[in-house]
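Worksheet: the structure to be examined is printed underneath.
A note on names: the letters A, B, ... follow the listed sequences, proteins ahead of strands, and every chain is numbered from 1. Keep in mind it's a predicted model, so treat the numbers as computed, not measured.
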Amino acid sequence: MLQVSVLRNNTEEVKKRLKVKHFGQPELVDIIVALDNERKKLQADFDATQAKVNTASREIGKLMAGGKKEDAESIKNEVAGWKATLEPLKEQMAKVEKELQDTLVLLPNLPSADVPEGKSPEENVVVREGGEKPVLAADAVPHWDLIKQYDLIDFETGAKITGSGFPLYKGKGAKLQRALVQYFLNFNTDAGYTEYLPPFMVNEASAFATGQLPDKEGQMYHATADNFYLIPTAEVPVTNIYRDTILKWEELPIKMTAYSPCFRREAGSFGKDVRGLNRVHQFEKVEIIQIVDPEKSYAVLDEMVAHVESLLVSLELPYRILRLCGGDMGFASAITYDFEVFSAAQERWLEVSSVSNFESFQTNRMKCRYKDAAGKMQLAHSLNGSSLALPRIVACLLENNQSAEGIRLPQVLHAYFGAEKIG
RNA sequence: GGUGAGGUGGGUGAGUGGCUAAAACCAGUAGUUUGCUAAACUGCCGUACGGGUCAAACUGUACCGAGGGUUCGAAUCCCUCCCUCACCGCCA
């Protein structure tokens, strides 16, 4: 959520930047400022009258104590008159405030100055590529065939148990998941991130704070009996650790990592895009999250990008890093880098991580603040990234490393998996 | 799920209708003093939204789990809900 003060003081600049995100309702900015003006005016009126009531009430107390009952009664009558005017003011204020709030949450975060212009994924900018695309044998097959061949995942039974998009990992397939999660978590804790294992369902307040509500309600599974949402990413519960919190300056940066299953309804899409592990409703992911001093958030962003990159390098996968263009960015993000790995058998890039700086967009919703060196209250900045989402990593590991002798695993996984190859 | 107790500021904790934004203590912070691996004393020390100011000072309103209600006036009384703790039940 953007701060009204920002909209008020930089109205034109805000509209200009919203345009980079291809946001369709720039007029909301003016509406919000107008609503806020109205809010202020109403509050001034209300406060002045309430002050009179408070003063009179104290007076009544003194008069009663002094036994001057009649004087007290006459003031009471006066107070009753003021209070009558207070009621409609209060209602009006609540109405305007709600309208202001409801409108404010419709505005996406402003893209940072580094965000490239563009509307669609084709306009994302490739920042760099790394690793080497393997040259596969002529009979190389996509991961869904390899999964069958080595009996790693049973999609059909997963569909029977729950529905399509809920894979049932089996045998070495299941063990590979465990190995990857372990490896990723250790990689992150070695870099100074504190490990958490969060709840996998969250309440409404938490879903709102990180921006899933009201924007993406339909994308989450909703347990209506208790009004809980299944998390689409560990970002939601973990970032919410610091909801309604005032941090001390020295506590920053806060670095957290967490494994969680991720649940996504993701309606739409078809065909090749959704085959095998390309798109599923439940998948495993390890996430990294930081809450930092605003001055340092862009340096931290670079650090997180480098961290994820080194993780990919260690997996010996060909990858590329994209800077998303305005039109392809998420609602809450100020800048996003996507990581994609090359799936050699499908001959396409698959997204495996997304590292974003949210600046104060989430922390403003969450009321996550800190006291700076001068003792002044400031909103912290929040960032997060995947390190990494498993399904597509698995798809690429399988496809890129297939051979007549089985699937070779990168060195770093040997100890975790207990073998050097599958098959 | 049942019964009971309780939810007050960073922490402990007082406060059962007005003089309480809220005692006291601890922590924190600024300073004084003595001096030495620290002590003593003094001041300051919640948040939000307004007004005010270059910025302060100053000032208004709200907030004592959340939301309603009673009252001229509520942390304090009433109602609903949430949460925590204890015991019981059920259960991995």
Could you check A/H222 against A/F228 for ring pair (Phe, Tyr, Trp, His ring centres under 6.0 Å), going step by step and ending with a plain yes or no? CA-CA 6 Å; A/H222 188 189; A/F228 293 154; 9.2 Å; no
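- With both ends at atom C1', the span from B/A48 to B/C87 equals 41 Å, rounded to whole Å.
- For B/U3 and B/G89, the C1' atoms lie 11 Å apart once the distance is rounded to whole Å.
- B/G15 sits 42 Å from B/U34 when the P atoms are compared, rounded to a whole Å.
- Pairing for B/A62 is with B/U47, a Watson-Crick or G-U wobble pair whose two hydrogen-bonding atom distances lie under 3.5 Å.
- Straight-line distance from the NZ atom of A/K371 to the P atom of B/C45: 11 Å, rounded to whole Å.
- Within the 6.0 Å centre-distance limit, the rings of A/F331 and A/F361 are counted as a close aromatic pair.
- To the nearest angstrom, C1' of B/G60 lies 12 Å from CZ of A/F46.
- Nearer the 5' end of RNA chain B, as judged by each residue's closest nucleotide, is the contact made by A/K52, out of A/A56 and A/K52.
- B/C81 sits 28 Å from B/U12 when the P atoms are compared, rounded to a whole Å.
- Here the straight-line distance linking atom OH of A/Y150 with atom CG of A/L398 works out to 9.0 Å at 0.5 Å rounding.
- Rounded to an integer number of Å, the gap from CG of A/D45 to P of B/G60 is 18 Å.
- Because its NZ or CZ atom is not both nearer than 6.0 Å to the ring centre of A/Y416 and within 45° of the ring axis, A/R178 does not count as a cation-pi partner of that residue.
- Atom CG in A/N227 sits about 17 Å away from atom P in B/C81, given to the nearest Å.
- Between the CZ atom of A/R58 and the C1' atom of B/A21 there is a distance of 13 Å, rounded to whole Å.
- Taking only side-chain atoms of A/I246, from C-beta outward, the nucleotide of B/C49, B/U47, B/G18 with the closest atom is B/U47.
- The C1' atoms of B/C64 and B/C77 are separated by 16 Å, rounded to the nearest whole Å.
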